[in-house]
Engineer: 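I'd like to ask you about the structure that follows.
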Amino acid sequence: MSHKQFIYCWQQSLPPILVRAALRAVVIICLTVGTLGILGSTAHTSNAQAVFPASVAANTKLINTTKRIQGKQTLSKATTLNATVYHSPACNCCGGWIDHLKTQGFQITDFSTPDIERVKQKYNVPDNLSSCHTAIVNGYVIEGHVPANDIKRLLQEKLNIAGLSVPQMPVGTPGMEIGNQKDPFTVFAFDDNNSVAVFNKYPSS
């Protein structure tokens with residue numbers, strides 16, 4: 001007997017009200033299990049990055065890494081790492097991130113501006129990826145406390161994207177150190193069409 005025949009016989013042998021009740025119970029169980037699975041999968045998400053819509057968090061496919069952008073430099077020992085950083089005068093953590101880049105060989109041009117939002121609009125930073133400062137590094141937009149190694153990887157691979165972002169200000173990112181505390185965080189890549197993909201992930205300490 002096939003499974004379809006079994007279900008048909010089972011339905012015929014029970015009163016309709018019991019069949020409906022049984023099917024409703026199965027649906028409720030499936031929905032409950034699915035909800036618990038979703039909650040469990042996001043249980044370790046950093047509080048600082050929990051504001052993202054599901055469409056961003058679920059999109060883990062990397063943006064095409066095979067395409068090259070003409071005019072952007074290939075990272076080598078001779079490459080000058082130039083970073084122009086825009087930040088609010090009241091932001092202290094931005095200075096910590098700038099110091100992090102300096103120790104990694106970046107040459108910094110520092111601009112303090114009271115209208116950082118205008119800078120983000122100029123460089124088309126997606127609203128849900130915004131942070132406290134915006135930088136331009138060798139033609140790429142770098143938003144927030146992105147680790148220097150991720151920027152160097154981006155420059156080495158010359159990906160066909162607009163830039164990278166660490167949204168909000170997760171504790172433990174460069175410039176946001178608080179003792180040994182470190183939240184898990186994600187480095188996102190985004191392109192000119194506001195498509196977003198995971199570039200790198202960092203666990204908690």
Side-chain angles (χ1 to χ4, degrees), residues 36-60 62 75 81-117 119-120 123 125-138 140-157 159 161-190 196-205:
L36 291 175
I38 293 172
L39 293 176
S41 65
T42 59
H44 300 290
T45 302
S46 167
N47 290 334
Q49 296 192 323
V51 297
F52 296 107
S55 59
V56 174
N59 183 11
T60 57
L62 285 177
L75 186 63
L81 302 174
N82 296 311
T84 302
V85 184
Y86 301 90
H87 62 89
S88 169
C91 183
N92 294 324
C93 63
C94 299
W97 184 72
I98 290 173
D99 291 340
H100 165 70
L101 291 191
K102 287 180 177 178
T103 62
Q104 296 295 317
F106 288 79
Q107 296 185 9
I108 305 297
T109 302
D110 187 0
F111 284 103
S112 178
T113 172
D115 194 359
I116 188 64
E117 292 304 319
V119 174
K120 298 181 189 302
Y123 292 108
V125 177
D127 290 339
N128 59 347
L129 297 182
S130 65
S131 183
C132 54
H133 56 260
T134 303
I136 306 301
V137 180
N138 292 32
Y140 287 103
V141 180
I142 306 297
E143 179 71 11
H145 295 262
V146 179
N149 285 339
D150 290 311
I151 302 174
K152 290 180 178 180
R153 173 191 156 195
L154 171 62
L155 298 178
Q156 179 67 51
E157 298 180 359
L159 305 185
I161 61 174
L164 301 176
S165 171
V166 172
Q168 305 295 319
M169 294 178 286
V171 173
T173 53
M176 282 294 296
E177 296 88 353
I178 301 178
N180 295 325
Q181 183 179 352
K182 185 177 181 180
D183 291 336
F185 67 94
T186 300
V187 179
F188 292 98
F190 62 96
V196 179
V198 173
F199 185 81
N200 202 0
K201 288 186 176 183
Y202 291 82
S204 60
S205 56

Engineer: Could you state the interatomic distance from CD1 (I116) to CZ (F111), rounded to the nearest 0.5 Å?
Structural biologist: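 It is 11.5 Å, given to the nearest 0.5 Å.
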Engineer: So do the side chains of Y202 and V187 get within less than 4.5 Å of each other, counting heavy atoms only?
Structural biologist: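 They are in contact (side-chain heavy atoms under 4.5 Å apart), so the answer is yes.
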Engineer: Does Y140 reach the side chain of L155, with side-chain heavy atoms less than 4.5 Å apart?
Structural biologist: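 Of all side-chain heavy-atom pairs linking L155 with Y140, at least one is under 4.5 Å.
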Engineer: Report yes if the side chains of C91 and W97 come closer than 4.5 Å at any heavy-atom pair, otherwise no.
Structural biologist: no
Engineer: Give me the atom names and distance for the closest heavy-atom approach of A148 to H100.
Structural biologist: N-NE2, 3.0 Å
Engineer: Please tell me if the side chains of R153 and N149 come closer than 4.5 Å, counting only heavy atoms from C-beta onward.
Structural biologist: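 Not in contact.
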Engineer: Could you measure the distance from the CG atom of D99 to the CD1 atom of I108? Nearest 0.5 Å is fine.
Structural biologist: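 Output value for this atom pair is 9.0 Å.
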Engineer: Can you tell me how far the CG atom of N82 sits from the CG atom of L101, to the nearest 0.5 Å?
Structural biologist: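 Going from the CG atom of N82 to the CG atom of L101 covers 11.5 Å.
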Engineer: Looking at V198 and F188, what are the two nearest heavy atoms and their distance?
Structural biologist: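 Residues V198 and F188, closest heavy atoms: CG2-CE2, 4.2 Å.
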Engineer: Applying the side chain to side chain donor-acceptor pair (under 3.5 Å) criterion to T134, which one of H87, E117, K120 satisfies it?
Structural biologist: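 Only match with T134 under side chain to side chain donor-acceptor pair (under 3.5 Å): K120.
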Engineer: Has T173 got a side-chain atom pairing as donor or acceptor with H145's backbone, closer than 3.5 angstrom?
Structural biologist: no
Engineer: May I ask you to test the L81-I151 pair for a side-chain heavy-atom distance under 4.5 Å?
Structural biologist: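 In short, these two side chains do not touch, never coming nearer than 4.5 Å.
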Engineer: Please report the shortest heavy-atom distance between T186 and P167, naming the atom on each side.
Structural biologist: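 Where T186 meets P167 most closely, the heavy atoms are O-CD, 4.1 Å.
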Engineer: Under the side chain to side chain contact (heavy atoms under 4.5 Å, CB included) criterion, do V141 and I136 qualify, and how do the steps go?
Structural biologist: CA-CA 5 Å; V141 180; I136 306 301; 3.9 Å; yes
Engineer: Can you tell me how far the SG atom of C94 sits from the CE atom of M176, to the nearest 0.5 Å?
Structural biologist: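 Answer for the SG-CE pair, C94 versus M176, is 10.0 Å.
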Engineer: Is the backbone of K102 close enough, under 3.5 Å, to the side chain of Q104 for a donor and an acceptor to pair up by distance?
Structural biologist: no
Engineer: Given 3.5 Å as the limit, does a donor-acceptor pair link the side chain of H133 with the main chain of G144, or not?
Structural biologist: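 Between the backbone of G144 and the side chain of H133 there is a qualifying donor-acceptor contact (under 3.5 Å).
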Engineer: Does D115, at its CG atom, have more than 12 non-hydrogen atoms belonging to other residues, nucleotides or ligands within less than 6.0 Å?
Structural biologist: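 Correct, the count exceeds 12.
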Engineer: Measuring from L164:CG to L129:CG, what's the distance to the nearest 0.5 Å?
Structural biologist: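 Atom-to-atom, L164:CG and L129:CG are 10.5 Å apart.
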Engineer: Can I161 and L154 be said to form a side chain to side chain contact (heavy atoms under 4.5 Å, CB included), step by step?
Structural biologist: CA-CA 9 Å; I161 61 174; L154 171 62; 3.5 Å; yes
Engineer: So, does S131 use its side chain to make a donor-acceptor pair with the main chain of Q168 at under 3.5 Å?
Structural biologist: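 Yes; at least one donor-acceptor contact below 3.5 Å.
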Engineer: When rounded to the nearest 0.5 angstrom, what distance separates CG in D110 from OH in Y86?
Structural biologist: 10.5 Å
Engineer: Please report the shortest heavy-atom distance between M169 and C132, naming the atom on each side.
Structural biologist: SD-SG, 3.7 Å
